[in-house]
Amino acid sequence: MKPFEYLKPSTLTQAIDIGRQPDGMFVAGATTTLDLMKYHVWQPNKLIDITGLPLRGISFKNSVLTLSALETMTAAAYHPAVMQHFRVISQSLLLAASQQIRNVATIGGNLLQRTRCPYYRDTSFRCNRRNPGSGCDAVLGANRNHAILGTSDQCIATHASDLCVALVALDAQVVIQGVAGERVVPLTQLYRLPGAAPEREYALLPGELITAVRVSASAATRSSTYLKVRDRNSYAFALSSAAVGLDVKRGVVKQAHVALGGVGTVPWKATLAETYLLGKPATREHFTEAARLAVTGAIPQKDNAFKIELVQRIIVQALDETATSR
Amino acid sequence: MNDDSNRMPLSDLPKQAGRRDFVKQLSSLGFFLVPEPVKLPDPIDTPALPALLSVDHSAARMVPVTMQINDKTVKRTIDARTTLLDLLREHLGLTGTKKGCDHGACGACTVHVNGQNINSCLALAIMHQNQPVTTIEGLGSPEALHPMQAAFIKHDGFQCGYCTSGQIMSAVTVAGDGRARTEADIRELMSGNLCRCGAYNGIIAAIQSVAANENKLETKSTKP
């Protein structure tokens with residue numbers, strides 16, 4: 001790693017002030033940060049440890065879950081309110097990473113994790129995300145794990161988080177604190193499609209800190225499933241995944257949540273699928289059509305055309321399991 | 001800073017020169033010199049080389065840290081970049097914790113911090129000051145084996161032994177926190193510890209035997 005100055009602010013204001021200056025990076029759980037620093041992908045001059053800030057706590061009040069940014073994946077996954085009212089969130093956390101990583105990795109950090117694209121992670125390859133304008137070696141390279149949705153000719157890297165897929169499915173909001181104060185936005189607005197500028201990954205101003213994530217409970221969040229398919233049984237990123245939630249009354253879908261992982265350059269909200277399902281009978285036939293709509297606009301890469309079919313099957317199975325397990 | 005009063009006791013290290021010392025002596029005697037220099041082809045000028053070669057290590061920041069390692073307070077002044085893993089192995093001589101991948105993928109570096117198993121390779125020492133850290137050395141000793149260590153021996157839970165420290169550290173938390181109900185649960189919760197020798201079945205048997213014997217297994221370090 002490149003040498004850095006280590007700082008540990010004790011207040012949010014201090015942290016934001018230091019973070020606004022160039023060449024500094026926040027660090028909390030440190031699992032992604034140290035990984036990328038060891039590979040020289042990230043080389044901050046200042047490392048700003050935010051673990052001393054009062055950004056802890058998980059609460060469930062008035063049907064709203066608040067996950068503070070510094071809570072660990074483990075703490076969130078096993079929290080009674082999360083397990084009872086937001087099953088898909090708990091599942092997405094427990095199917096991610098390893099126990100060692102879950103014990104330290106934070107909610108805020110999970111939201112901001114970087115792609116696992118090997119061309120991004122290896123500085124000997126060309127990468128527009130890491131080095132704007134240098135090119136993308138993934139497009140003609142080994143791209144089995146890359147995206148089929150939200151890609152551009154500049155970048156086809158998959159967003160790797162499982163938690164984000166569940167949160168995006170359930171219409172979570174993210175609370176952000178900056179020099180101008182607090183703002184609350186739909187989580188989907190935090191993520192930027194690569195487009196012509198893949199280096200602009202997250203819609204955060206310099207110094208801004210995620211302080212919490214909020215999700216509202218409903219029948220469709222309680223009856224929810226995360227289904228993840230990967231090359232091995234555990235401790236691997238998704239080839240494809242789906243987070244779904246269903247509220248079914250008398251066999252008819254009243255509310256549907258569908259989001260996809262492993263296939264998008266950002267956590268992929270399948271709005272067309274959700275809208276289609278409203279008012280439809282909760283049958284396999286309609287789940288299949290919803291899945292077909294979910295992959296609208298999918299563009300296969302050289303090595304990952306199978307994902308278009310795979311993710312549809314995952315969506316159908318996840319909806320099926322959710323509908324029958326109520 | 002060379003304050004020997006804070007140095008970890010050497011009683012855990014071999015009294016006579018061990019394998020590590022032997023190899024160090026051999027290399028210092030020039031035992032591994034190649035008789036004739038080998039002409040290597042010119043390295044391909046990849047972008048990675050300039051990034052690595054241009055790191056200015058003279059800009060390294062030294063920071064004082066106070067650590068709680070195996071129930072002992074330890075103070076050192078270290079490069080801020082020092083991981084918890086490197087602090088344990090290189091600065092404290094606690095080489096029971098191993099460096100496998102150095103990127104959090106294999107679990108060989110697993111230790112307990114605040115009673116939870118974590119990858120010490122992905123932890124900066126300075127970020128874990130004053131937090132109780134337990135290494136394999138703190139779990140048990142040859143004279144007083146931790147029940148999990150005894151179980152690994154009894155149930156053939158290792159071959160080369162390189163992953164074993166990490167496996168045992170994770171095994172203690174998996175057997176102790178009550179979340180693993182079935183063998184599938186154990187395998188899932190142990191998935192952060194890889195074993196290239198494939199001793200998994202013995203590891204599972206060891207964990208099952210400990211979990212069966214005691215409902216909750218306390219780790220050796222005191223709770224914060």
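Order of the sequence lines fixes the chain letters, A, B, ..., with proteins taken first and strands second; residue numbering starts at 1 for each chain.
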Residues A:Y39, B:H103; criterion ring pair (Phe, Tyr, Trp, His ring centres under 6.0 Å); working and verdict: CA-CA 9 Å; A:Y39 283 139; B:H103 281 269; 3.9 Å; yes

N/O donor-acceptor pair under 3.5 Å between A:S161 side chain and A:L163 backbone: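 Indeed, once roles are kept as given, a pair shorter than 3.5 Å links the two residues.
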
Under 4.5 Å from any heavy atom of chain A - which part of [X]:
X: B:A123; answer: backbone
X: B:T83; answer: side chain
X: B:D79; answer: neither

Most contacts with chain B, counted as non-hydrogen pairs under 4.5 angstrom, among A:S234, A:S98, A:G52: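 The residue among A:S234, A:S98, A:G52 with the greatest pair count is A:S234.
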
Contact leader toward chain B among A:V104, A:N233, A:D49, where contacts are heavy-atom pairs under 4.5 Å: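 Ranked by heavy-atom pairs under 4.5 Å with chain B, first place is A:D49.
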
Go through the atoms of [X] and report whether side chain, backbone, both or neither lie under 4.5 Å from a heavy atom of chain B.
X: A:L94; answer: backbone
X: A:T74; answer: side chain
X: A:A28; answer: backbone
X: A:T31; answer: both
X: A:R102; answer: side chain
X: A:N131; answer: neither
X: A:Y235; answer: both

Worked check of salt bridge (charged side-chain N to carboxylate O under 4.0 Å, His left out) between B:R179 and B:D185: CA-CA 8 Å; B:R179 288 182 183 135; B:D185 287 346; over 6 Å; no

Heavy-atom neighbours of A:R232 CZ exceed 12 at 6.0 Å: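 Counting neighbours around CZ of A:R232, more than 12 heavy atoms of other residues, nucleotides or ligands fall under 6.0 Å, so yes.
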
Before accepting this row, confirm whether a basic side-chain N of the pair [X]/[Y] lies closer than 4.0 Å to the acidic partner's carboxylate O.
X: A:K2; Y: B:D56; value: no
X: A:K228; Y: A:D162; value: yes
X: A:E199; Y: A:R129; value: no

Roughly how far, to the nearest 0.5 Å, is [atom2] of [Y] from [atom1] of [X]?
X: B:K99; Y: B:C109; atom1: NZ; atom2: SG; result: 9.5 Å
X: B:I126; Y: B:T82; atom1: CD1; atom2: OG1; result: 9.5 Å
X: A:T33; Y: A:Q113; atom1: OG1; atom2: CD; result: 11.0 Å
X: B:N119; Y: A:Q100; atom1: CG; atom2: CD; result: 5.0 Å

Residue selection (most heavy-atom pairs with chain A, distance under 4.5 Å) from B:L124, B:V174, B:V63: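 Highest number of pairs under 4.5 Å: B:L124.
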
Residue, of B:M169, B:M190, B:Q116, that accumulates the most heavy atom pairs under 4.5 Å with chain A: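 Option with the greatest count: B:Q116.
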
Neighbours of chain A found in residues 150-165 of chain B - heavy atoms under 4.5 Å: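 Listed by number: none.
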
Audit row: A:R114, A:D35, salt bridge (charged side-chain N to carboxylate O under 4.0 Å, His left out) steps and yes/no: CA-CA 11 Å; A:R114 273 15 188 224; A:D35 179 34; over 6 Å; no

Within-4.5 Å side-chain heavy-atom neighbours: A:V41 and A:T123: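 Yes, their side chains come closer than 4.5 Å.
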
